Amino acid sequence: MLSERVQNAMNNQITHEMHSAYLYLSMAAYFEDQSLPGMARWMRLQFEEEKEHALKFFDHLIDRGARVKLQAIPAVEVDFASPLQIFEKAYAHEQKVTGLINDIYNMAREENDYASMKFLDWFIEEQVEEEKSTGEVVAWLKMVGDSPNGLLHLDHRLGKRKAEED
Ligand code: MG
């Protein structure tokens, strides 16, 4: 059985993951509006991934006999300044999520909840990937600078992102 605090933290994490999904969907909408379909696709796939993350916590709670309590998803920004600003926000957002996952891991460790620690291992690895992939695009966008050519090339490249098979 899950402790009350791990249970609450995991319920909160479902909201955080759905909030991430919503944020990336909003970013996808911006890119569609800016005629950058590759970046829009990248963000749309990110949206799909975040929903999967929420479902993983959902399933873990159910598997452990805990109650799922869904909460309101906070509103997200709809106006952005540039592709670089968006990916910087995405990178900062993923760093924040890493901190949240680490906090739950610490809690599980304090409770000797080995099953949750094992479950959270997947997320710890995933966050390394998330920070790497968003940080990489930030670096590329900085290289591109004000070059429309470079931006279109990068858009094309990001549009080739494959959906995750899990
Ligand atoms: Mg996530």
Side-chain angles (χ1 to χ4, degrees), residues 2-3 5-32 36 38-64 66-78 80 83-111 113-141 157-166:
L2 283 172
S3 71
R5 57 198 281 259
V6 171
Q7 205 172 132
N8 287 340
M10 288 191 176
N11 267 302
N12 290 341
Q13 194 59 31
I14 293 178
T15 314
H16 292 307
E17 300 293 346
M18 291 304 289
H19 181 236
S20 302
Y22 214 33
L23 177 65
Y24 293 134
L25 188 62
S26 185
M27 291 172 170
Y30 170 87
F31 284 130
E32 293 286 5
L36 291 166
M39 292 184 188
R41 174 181 159 77
W42 197 97
M43 283 297 172
R44 196 181 281 243
L45 289 175
Q46 198 68 16
F47 161 73
E48 297 291 344
E49 273 194 31
E50 298 304 337
K51 283 192 298 174
E52 287 299 317
H53 295 171
L55 281 174
K56 280 183 192 283
F57 279 101
F58 181 100
D59 288 339
H60 184 72
L61 285 165
I62 301 289
D63 289 348
R64 303 287 304 280
R67 278 291 312 276
V68 168
K69 294 175 184 170
L70 299 181
Q71 306 153 10
I73 303 167
V76 292
E77 284 177 73
V78 292
F80 301 96
L84 176 60
Q85 189 221 29
I86 286 195
F87 275 94
E88 279 175 336
K89 276 179 191 282
Y91 179 55
H93 184 79
E94 288 303 330
Q95 287 177 309
K96 202 183 83 187
V97 173
T98 299
L100 294 169
I101 297 290
N102 289 346
D103 289 346
I104 307 175
Y105 192 93
N106 268 332
M107 234 179 258
R109 191 171 52 187
E110 282 165 14
E111 308 280 346
D113 182 350
Y114 302 109
S116 288
M117 286 160 72
K118 198 160 173 13
F119 163 75
L120 289 164
D121 279 344
W122 184 90
F123 280 91
I124 289 168
E125 282 179 32
E126 175 69 10
Q127 284 313 118
V128 172
E129 196 48 47
E130 297 281 40
E131 286 190 36
K132 183 185 169 206
S133 59
T134 48
E136 210 166 47
V137 181
V138 168
W140 289 334
L141 281 165
R157 179 179 177 147
L158 293 182
K160 290 193 164 150
R161 176 175 171 176
K162 300 263 184 300
E164 295 246 311
E165 291 151 32
D166 202 355

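Both counts, for ligands and for their atoms, begin at 1 and track the order of listing. Just so it is clear, the structure is predicted and the values come from calculations on it, not from any experiment. The figures here come from the full heavy-atom set of this structure, side chains too, leaving out hydrogens, waters and symmetry mates.
In summary, no N, O or S atom of Glu49 is located under 2.8 Å from the Mg ion (ligand 1). Here His53 meets the criterion, with an N, O or S atom under 2.8 Å of the Mg ion (ligand 1). Taking backbone and side-chain atoms together, Glu50 has an N/O/S atom less than 2.8 Å away from the Mg ion (ligand 1).
Glu17 contributes OE1 as its N, O or S atom closest to the Mg ion (ligand 1).
Taking the six-membered ring wherever Trp is involved, the centroid distance between the rings of His53 and Trp122 falls below 6.0 Å. If you look at Phe47 and Trp42, their ring centroids are not closer than 6.0 Å.
By the 30° and 60° cut-offs, the orientation of the rings of Tyr24 relative to His93 is perpendicular.
Gln71 and Asn11 are not linked by any side-chain donor-acceptor pair at a separation below 3.5 angstrom, with hydrogens and angles left out of the test.
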